[in-house]
There are 2 protein chains.
Amino acid sequence: MSDISRNGHSGSGQPGRIGIGLELDDIHLKILEILRENGRISVAALAERVGISRANAYTRFEALRADGAIKRFTAEIDHGRAGLGITALIFVTVRQQMWKQFRAELARMPEVEYCAITTGQHDAMIQVRVADVAAVHTMVTDRLANIPAVKATETVFILDEVLRRPYVLPGDGRQAARPARRPAQEERDDVPLGKMRFVGAAEGRAALQKDD
Amino acid sequence: MSDISRNGHSGSGQPGRIGIGLELDDIHLKILEILRENGRISVAALAERVGISRANAYTRFEALRADGAIKRFTAEIDHGRAGLGITALIFVTVRQQMWKQFRAELARMPEVEYCAITTGQHDAMIQVRVADVAAVHTMVTDRLANIPAVKATETVFILDEVLRRPYVLPGDGRQAARPARRPAQEERDDVPLGKMRFVGAAEGRAALQKDD
DNA sequence: GTTGAAATTAGTACGAA
DNA sequence: TTCGTACTAATTTCAAC
């Protein structure tokens, strides 16, 4: 139910568009860094780790929350232990005029953890967590297939989740974090380009986003 | 760096395998439900919302943490506001013998938020967050392409993130939550099966997981 | 933006149901 | 096990610097 696209700083955000309401400085980023790996740390302890006063930490903490830079705090659950041992990705091709309906149906499927609109061969990718393989089949055939907006699906299973970072932030020891220096052409034409493939949006898909 | 597969209850978990150390009852699940939508709630407030005593809430809270059912608490960040407005999915084909090396390289790429091994045409899907489109290109051509373990990549961009639930749990108003009643064949053969496609693992891929 | 005290709340221990 | 209470420690708030 949490629609994270409405004020659209996710995914569809303009490149380099930083700090609309709040100017995020290094201390803000450090706070976020700590909070993403320990969402329950006290503000007092946070202040100490960042090296600022408690009052300052409270002010910044509240500002980040109010600004929306921190969207929420959440507990990461071990799905296996909670009885949802199967994870699958379902790539969906959506009839363009019916995008809004597709969204509404998604909101009614609690097994969907994530849904994103993508470029490439399909229009959307959804990630589902269910108890067993049969439930994936039920989900795809009974629920998704009966949505008129769904033209086709392709399902793959997740065999193992190798890595999940709480939430990526700029400056994680990265070189091209914010302004992103673009290497000159000469510097990068030694790259084996034949290995890779970029997949743009299918024709006429520009309309998809405005569709709702 | 957070390798969530080692004790493998994620993704590769057996169907219905619930409560290895801890038997999770309805109260445990309700606690998880509240915690996933507000990871910073006090245990006192939690106790009240669940309808148990404070002491009991502390006991269960600690048990869930110790058992690993709660893996960590984290803050959800608005990436756009933090300067990482571009999200992409990179599907990677990995040379089987080199899986371990691929993992090691991943750990050194802070822009990778998520990596999962999948069935289907590709071997892994990674999700990256970067500042701009150029950074995706740099990432794929300079970093991934130079890993010998990487045979090929296919990149799609995420245009919009429609839905993200903190973490899916069983019993979210779902019918087939835990034991997952499998519908009899007669009940489901009215489904338009032509719409969908399940994609199994490529040949010889069973070896992949044992590879590290 | 900081420090330090008061008020509040969180976390612990333990005996009883 | 769970609950209730009393106790201790820590956090948050707020005022003055």
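Since we're looking at a predicted model, the values are computed, not measured. Naming convention: chains lettered A, B, ... in sequence-line order (proteins, then strands); numbering from 1 in each chain. Side chains are part of it too, since the values below use all heavy atoms of this structure and drop only hydrogens, waters and symmetry mates.
- One finds no salt bridge joining K30(A) and D25(A) here, because no Lys/Arg side-chain nitrogen approaches an Asp/Glu carboxylate oxygen to under 4.0 Å.
- Distance F61(A) CZ to dG1(C) C1': 19 Å, rounded to the nearest Å.
- Of the candidates dT13(D), dT2(D), dT12(C), dT12(C) carries the atom nearest the R54(B) side chain, counting heavy atoms from C-beta on.
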inquiry  = Determine whether Q127(B) and Y114(A) satisfy the following criterion, side-chain contact (heavy atoms from CB on, under 4.5 Å), listing intermediate values before the conclusion.
reply    = CA-CA 13 Å; Q127(B) 185 179 37; Y114(A) 180 70; 3.0 Å; yes
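- Comparing dG4(D), dT12(C), dT11(D) against the side chain of Y58(A) picks out dT11(D) as the nearest.
- For the side-chain contact (heavy atoms from CB on, under 4.5 Å) test with I158(A), the passing option among L89(A), I86(A), V128(A) is L89(A); the others fail.
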ask   = side-chain contact (heavy atoms from CB on, under 4.5 Å) between R143(B) and E105(B): does it pass, once the steps are laid out?
value = CA-CA 9 Å; R143(B) 313 257 261 130; E105(B) 290 297 328; over 6 Å; no
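- If you take CD of E62(A) and C1' of dT12(D), they are 12 Å apart, rounded to a whole angstrom.
- Counting to the nearest Å, the C1' atom of dT2(C) and the CD1 atom of I27(A) are 13 Å from each other.
- Residue contacts for R40(A): at a heavy-atom cut-off of 4.0 Å it reaches no nucleic acid atom on any strand shown.
- Rounded to an integer number of Å, the gap from N56(B) CG to dA17(C) P is 19 Å.
- Using a 4.0 Å cut-off, no side-chain N or O of S53(B) falls inside it from OP1 or OP2 of dG4(D).
- In this structure, I41(A) places its CD1 atom 16 Å from C1' of dA10(C), rounding to the nearest Å.
- Contacts of A44(B) with the nucleic acid, taken as non-hydrogen atoms under 4.0 Å apart, involve only primed sugar atoms and P, OP1 or OP2.
- In this pair, F198(A) and H137(B) present their aromatic rings tilted. The plane angle is within the 30 to 60° band.
- In this structure, I52(A) places its CD1 atom 13 Å from P of dT12(D), rounding to the nearest Å.
- Here the C1' atom of nucleotide dT1(D) and the CD atom of E23(B) are 15 Å apart, to the nearest Å.
- The side chain of V43(A) sits closest to dT12(D) out of dG11(C), dT2(D), dT12(D).
- Counting to the nearest Å, the P atom of dT2(D) and the CG atom of D26(B) are 13 Å from each other.
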